[in-house]
Amino acid sequence: MALGAGRWCLSSADSELPFWRRYIFSTDHKVIGIQYILTAAFMALLAVGLSVLIRMQMTWPVRLWPIMEQLLPTAYEGGALKPEFYLTMVTMHGTIMVFFVISFALVSGVGNFIIPLQVGARDMAYPFLNMLSYWTVVPACLIMLASFFVEGGAAAGGWTSYPPLSALPGALPGSGLGQTLWILGMALFIVSFTMGSLNFVTTILNLRTKGMSLMRMPLTVWTLLVSSVLGILAFPPLTAAAIMLLLDRHGGTSFFLPEGLVVGGNVLAYEGGTPLLFQHLFWFLGHPEVYVLVLPALGIAFDVVATFGRRPVFGYRTTVWALVVAAVLSMIVWGHHMFTSGMNPYLGEYFSVVTVLITLPFAVIGLNLIASLWRADLRLTTAMLFAIGIISAVGTGGLGGLWLGTAASDIYFHDSVFVVGHFHFMIGVVTSFGIFAAIYYWFPKMFGRHMNETLGKIHFWLTIVSVFPAFIAMHYLGLGGALRRVYDPTYYEYVRPLQEMNVWITFLLFIAIAGQLVFFVNLFRSLFWGTKAEANPWNGATLEWTTPSPAPHLNWNEPPTVYGGPYQYRVNEAFGGYVAQHTPPEEVECWVGPHEG
């Protein structure tokens, strides 16, 4: 049974906190959520900057850039990018985007802000732990940034940090102190994410307001609940791997270092270890992490589509069960990332079968999203456009996963740009569209103002017309045999005829970056000069729209009681065509159940 969130009024001590307690070391879930989002935005600037340098090198690999040598003297020599720094850029771009941008903004940021508001709680179950989780990742970010300035530079063993490159300090320049800092930064991130996930689960299960049963929760909350459980289960193996990796580097152990390693012509004195152990531990987290990030974007899409389509979500209960099935299957398919590692063919067949099976619950979720648009009264706001974009990106990006999840085809595609295209569709486009949909949708509740719709639509169209063809083109490059993580793509003669495609991909991605500049202009302009928002500007049916805009400290003087589901649209014209969750049935002339219709 859901527990009430309490029935006490806001005290003057709570409403008149000093600035440093209210906005810096705050325990308010909304402030912490916004802190995560702003931190993610800062880290995104670095990650996108690295991607620009990566694309310049891939597109014009032999061109000299004297101006870049002046700006980045440690990265360029004689106007040419150093090969070791190229590996550093690939490593840190992936690490920052996956863990310090998308995880921050989509899960920790949006999750912190919206969960208590949507379940009718005053705050998270453990407010101090919530504050601690944020201030644990701040030093993690600083450590990652500091790694660029140490001797040898930042980590260069790939964002997965496979041994032996990550386990041997002398393997390459980035394997020194920079790699150690990478491990420490990731360890702090894992601690923070685990604290946050425990807080999410406890809040959702124990602090729901009266009447808010599990099957009355918005799908955004459901997806955040499932992703938090996945994080709690999947991150401990990576924590263990990080500790073992540190011991291999500094403690003389051989967890991941086999006998007979030769570096610089010298045979190293290690024995008994295997790099494959690290791969198993990493991908036991790595694949569930995909769903930790993608599922909340889908939940946001459901909420936005229902609000701006003015009709109930199609197949609410089947979507919930599909989320649970997808989460369970995501824990047992990690081996499809290791088809080329020499695994037993029978084991490869198992991982192929269960990987293809996971498309079934995703197909259910996708079809329910599409069906929710059927005969909808569409209002094409910016948030709605990004939600529709999520549906398209999941289908387009997921299609490539069928080939990468099957051993016979993955062996060919595994080290190709095909993987880059698929990965960026699912972990780049789907999740970033989820972040943008959430910000445009809940911005009035965050700051009490609207974002500019014209600038928002310019942002959307510049983004979608560029990222879709760019990442689809990467699939074709992979089909042609173009390899990923290659310093000079033209080194291989058979790939040279495809190089013009790299040029077009780079121009398209520069257009996408221009779109993000429009977003940042819109974001900061709207903070100060945006049109002031009402409490419920979108006529939404969920609980967050029962609070003023912006939502006050502790959310409500008295938490609302829930009488129905979150998507009761097309119900009663006297109520504006929808019934809010907190509306008593006796006030509604034509009452329907939680998710009927």
Interatomic distance, CG@Leu517 vs CG@Asn522, rounded to 0.5 Å, equals 12.5 Å

Can you name the closest pair of heavy atoms from Ser51 and Val48 and give their distance? OG-O, 2.6 Å

With a 6.0 Å cut-off on ring centres, are Trp529 and His450 close enough? no

Less than 4.5 Å apart, any side-chain heavy atom of Glu544 and any of Ile114? yes

Could you walk me through whether Tyr563 and Met212 pass side-chain contact (heavy atoms from CB on, under 4.5 Å), step by step? CA-CA 8 Å; Tyr563 297 96; Met212 178 64 78; over 6 Å; no

Note: Ser147 and Gly178 closest approach over all heavy atoms is CB-O, 4.1 Å

Does some side-chain heavy atom of Trp442 sit less than 4.5 Å from a side-chain heavy atom of Val304? no

Enter the distance from Ile439:CD1 to Ser526:OG here, rounded to the nearest 0.5 Å. 11.5 Å

For the aromatic rings, using the six-membered ring if either is Trp, is the centroid distance between Phe524 and Phe528 under 6.0 Å? no

Has the side chain of Arg310 got a donor or acceptor atom that lies under 3.5 Å from a matching backbone atom of Leu378? no

Distance alone, cut at 3.5 Å: any donor-acceptor contact between the side chains of Ser133 and Tyr36? yes

Do Ser103 and Glu289 pair up side chain to side chain, a donor and an acceptor below 3.5 Å, judged on atom types alone? yes

Please work out whether the ring planes of Phe460 and Phe433 are parallel, tilted or perpendicular, with thresholds of 30° and 60°. tilted

Does a side chain donor of either Gln581 or Thr542 reach within less than 3.5 Å of an acceptor in the other side chain? no

Can you find a side-chain donor-acceptor pair between Lys445 and Ser549 that sits under 3.5 Å? yes

For Pro566 and Ala541, work out which heavy atoms get closest and say how close. O-CB, 3.5 Å

Measure the shortest side-chain to side-chain distance between Val110 and Ile435 over non-hydrogen atoms and say whether it is less than 4.5 angstrom. no

On the six-membered ring of Phe443, is Arg449 placed so that its NZ or CZ lies under 6.0 angstrom from the centre and within 45° of the ring axis? no

Quick one: CG on Leu198 to CG on Asn130, what's the gap to the nearest 0.5 Å? 11.5 Å

Please answer whether the main-chain N or O of Val579 pairs with a side-chain N or O of Thr583 as donor and acceptor at a distance below 3.5 Å. no

Nearest atoms (heavy-atom pairs only) where Thr454 meets Asn452: N-OD1, 3.0 Å

Where the side chain of Thr91 meets the backbone of Gly158, is there a donor-acceptor pair that is under 3.5 Å apart? yes

Strictly by modelled atom types, are Ser161 and Gln179 linked by a side-chain donor-acceptor pair under 3.5 Å? yes

If we count only N and O atoms by modelled type, under 3.5 Å, do the side chains of Ser26 and Arg21 hold a donor and an acceptor together? no

I'd like to know whether CZ of Phe42 has more than 12 heavy-atom contacts from other residues, nucleotides or ligands below 6.0 angstrom. no

Hey, are the side chains of Cys141 and Phe100 touching, using non-hydrogen atoms and a 4.5 Å cut-off? yes

Just how far is it from atom CE of Met331 to atom CG of Leu285, taken to the nearest 0.5 Å? 9.0 Å

Intermediate values then yes/no, side-chain contact (heavy atoms from CB on, under 4.5 Å), Met124 and Ile115: CA-CA 8 Å; Met124 286 290 177; Ile115 285 175; 4.1 Å; yes

Any luck finding a side-chain donor-acceptor pair between Thr209 and His582 under 3.5 Å? no

Just so I know, are the side chains of Ile34 and Phe447 near enough to count as touching, which here means a heavy-atom distance under 4.5 Å? yes

Roughly how far, to the nearest 0.5 Å, is CG of Leu225 from CD1 of Ile204? 4.5 Å

Side-chain contact test, heavy atoms from C-beta onward, threshold under 4.5 Å: evaluate it for Tyr440 versus Met384 and give yes or no. no

Validation row, ring centre Trp159 to ring centre Phe282 under 6.0 Å: yes

Tell me if the aromatic rings of Trp135 and Phe25 count as close, with their centers under 6.0 Å from one another. yes

Could you please spell out the steps behind the side chain to side chain donor-acceptor pair (under 3.5 Å) verdict for His29 and Asn555? CA-CA 10 Å; His29 70 98; Asn555 302 337; 3.1 Å; yes

Donor-acceptor under 3.5 Å (Thr202 side chain, Asn199 main chain): no

Distance-only polar pair, side chains of Thr203 and Tyr126, donor-acceptor under 3.5 Å: no

Under 3.5 Å, is there a donor-acceptor pair between the Trp556 and Thr547 side chains? no

Is the distance from the ring center of Phe520 to that of His459 below 6.0 Å? no

Evaluation steps, side-chain contact (heavy atoms from CB on, under 4.5 Å), between Trp545 and Leu117: CA-CA 8 Å; Trp545 304 114; Leu117 287 169; over 6 Å; no

Can you tell me if Asp28 and His553 form a side-chain donor-acceptor pair at under 3.5 Å? yes

Decide side-chain contact (heavy atoms from CB on, under 4.5 Å) for Leu219 and Tyr567; before the verdict, give the C-alpha distance in whole Å, the side-chain angles of both, and the deciding distance to 0.1 Å. CA-CA 10 Å; Leu219 285 169; Tyr567 307 119; 3.6 Å; yes

Any side-chain donor near an acceptor of the partner, Asn112 and Ser108, under 3.5 Å: no

Counting C-beta onward and ignoring hydrogens, is there a side-chain heavy-atom pair between Pro116 and Arg122 closer than 4.5 Å? no

Thr220 and Asp303: side chain donor to acceptor below 3.5 Å: yes

Close aromatic pair by centroid cut-off 6.0 Å: Tyr441 and Phe308: yes

Is Ile37 close to Phe113 at the side-chain level, that is, under 4.5 Å between some pair of heavy atoms? no

